[in-house]
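What follows is a set of notes on a single structure, which appears directly below.
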Amino acid sequence: MMLERRQWAFAGGSALVILSILLMFLWSWPGATGLGWPEAIDVAGQERVPLAPYSAVYMDTARRTTPEALLDRDPPDFVELDSRSFNQGMSPGVLWVAFALQELDARPRLLSLDNPLFDSVTLFAQEEGGQWREVPRHQAVAWDQQRRPAWRHVFHIEADSPASRYLLRVETGQNLRFHAEIQTFEGHQAQATRFWLAQGGYHGIILALAVYNLFLLFSLRDASYAWYIAFILSTAGYFLFQRGVHLEFFPEWGSQTTQLLMFLCVALLSTFALQFTRRFLLMRRRDPDWDRWLRAALPLPLAGILLHVWLGTAGSVLFFSLVALAVIVLVVGASLRAYHLHDFRPALYLLLAWAAMFVGALLFVLGALGILPNNLITYYAVQVGSALETMLLSLALADRIRELQSEREILVRRGDQLERSTLLDDLTGLYNRRHLDRCFPDLVARAHSLGSPLSVAVIDADNFKQVNDVHGHAVGDQVLIRMGQVMADSVRRGDMVCRYGGEEFVVLMPGADEAMAGEIAERLRRAVASQPQPLGETSIRQTVSIGLATLQAEESADSLFLRADKALYEAKSGGKDRVVG
Ligand SMILES: Nc1nc2c(ncn2[C@@H]2O[C@H](COP(=O)(O)OP(=O)(O)OP(=O)(O)O)[C@@H](O)[C@H]2O)c(=O)[nH]1
């Protein structure tokens, strides 16, 4: 019984929700209406007046080309739109904007649209007799000083014969979003100047950073610089085409070519962003799991270009929006992982860079949706975000080099330590036999080539077995350590003292002839004998026997060593605690 009541409640609730959605849908469904004219705009004394608040907007899915054809239908079949922000997303038809103008003041006016990428934009004015005529396009002076129709959809509203009613027709296969203003010539000029300043500033920053990082690429030979340059150039390319900068120089390119170039730039910048992130964060080595996802996403942008013809403009916009979203999720995820999981500090700059771009895009979208005012800040927000992103990425690269260098230094230091530890004797800290074997032949060769003397002493502790037997191995070790210190202190700087093994030592004396070597060896013998190893109340006096030999002409290292060893044998058999050589 309980279960049944619950089922009823569930069904009732669902029905209520579905009903309210249906009602909301019907409520918001725009009905067909006749063409209504909004209140006439009074532009007198104003430099720039936005058109949106003073206009009525209609969607004509039959895509009629003239006002006569549009108004001919009875009952009318076009639909009045609620929005006054000229932002319809992907357009299902032709947008008609109706507005009326009050008598103009003495200054001529222009109607200017900020989006240059529409397929066709026409302005119609109603004559006294009721018939419609096409308003001529504004002839602008281009970069080559030639006058030609403005590429930015600008219409010349004649001052002497102001028509009271106007119809603006906008047709496009892409996003139907624009901002329109009625401007004086001066207002128009000021806007154009600001536009070129902003574009010049943005592309200047990108170019400067591209050149700077190109130098770094050549000197550091790190592929992440190449991917960075490719990424910022394709991003700049996107803005160049999106803003219509190229149309100033190539007005014949038109909206279709521009659209394709924009898709190409988005595909390239997505690919380069992925590659840059993979390389920058050394993902193949440090985060292979996440790297697999980035690699899997790599072919997507290219596929979008290949599928472009089949997808059409609307499909391509959707496809590339999804690709861009996937790329953002992947690169932000990779940066977060690098920072949090692997403590890679440069990833923080990367995150800041993506955040700058994201905030810029958000402001732009909010401006476009009419949630924020559609002003200079929101209009240029993406480009400002992109410029900030570019600079932060450049900082990220610098920080990364510093981080990698310090990592490398630690490795080198560790390597040095390792290298040193393989050359030194564990017990005494003197050089070990391996180092002696490596250096001895080199020193002999150098002595021969320079004609300088070289002597070698082979030293053996006397009766050392007794020390071990009487006092134990640990005390024996202490005696060996102390002997090593005393020997190292007794020789000259540049002489090399090695522990050859057990209680046997070797001293190489470059530059020491027979006499000098004898002096050094005698000093060493005396020093060892006169500095006993303290042991509780008493001490252990240790002596050494030394065999000496000095390099002869063309003698080999082996022969020199053998002679010194023989001399040691003589010193031992001669009574120990002496130098023979
Ligand atoms: N404590 C200690 N003893 C060592 C070490 N290496 C070798 N010995 C000892 O040194 C002693 C060498 O003894 P022998 O070769 O008989 O020579 P000796 O007693 O010094 O006699 P002579 O060389 O003839 O004067 C042995 O008892 C070895 O165990 C070491 O690293 N530590």
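Counting starts at 1 for both ligands and their atoms, in listed order. Positions are given from 1 along the sequence. Quick note: numbers below take in every heavy atom, side chains included, and nothing from hydrogens, waters or symmetry partners.
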Side chain, backbone, both or neither: which applies to [X] and ligand 1 if a contact is any heavy-atom pair less than 4.0 Å apart?
X	value
Ser545	neither
Val467	neither
Lys572	side chain
Asn463	both
Leu480	side chain

For this session: Kindly write out the residues that satisfy side-chain contact (heavy atoms from CB on, under 4.5 Å) with Ser394, not counting sequence neighbours, or none if the list is empty.
Result: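 Per chain and number, Ser394 pairs via side-chain contact (heavy atoms from CB on, under 4.5 Å) with Leu209, Tyr212, Asn213, Tyr228.
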
Exercise. Which one of Lys572, Gln542, Arg578 satisfies the side-chain hydrogen bond (donor to acceptor under 3.5 Å, both in side chains) criterion with Asp462?
Worked result: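 So the option named by the test is Lys572.
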
Exercise. What's the shortest distance from atom 24 (O) of ligand 1 to any protein heavy atom, and which residue and atom give it?
Worked result: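 So the nearest neighbour among protein heavy atoms is Lys576 NZ, 3.5 Å.
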
For this session: Assess Arg499 for proximity to ligand 1: is some non-hydrogen atom of it under 4.0 Å away?
Result: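 Yes, that is the case, since the closest heavy atom of the residue is under 4.0 Å from the ligand.
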
Exercise. Considering the options Asn463, Val528, Asp577, which one meets the side-chain contact (heavy atoms from CB on, under 4.5 Å) requirement together with Thr543?
Worked result: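 Only match with Thr543 under side-chain contact (heavy atoms from CB on, under 4.5 Å): Asp577.
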
Exercise. If we only count heavy atoms from C-beta on, is the Tyr238 to Leu264 side-chain gap below 4.5 Å?
Worked result: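 No, side chains not in contact.
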
Exercise. Within 45° of the six-membered ring axis of Phe344 and under 6.0 Å from that ring's centre, is NZ or CZ of Arg286 located there?
Worked result: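 Checked: cation-pi criterion met.
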
For this session: Decide whether an N or O pair under 3.5 Å exists between Gly476 and ligand 1.
Result: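 Not met; the criterion fails.
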
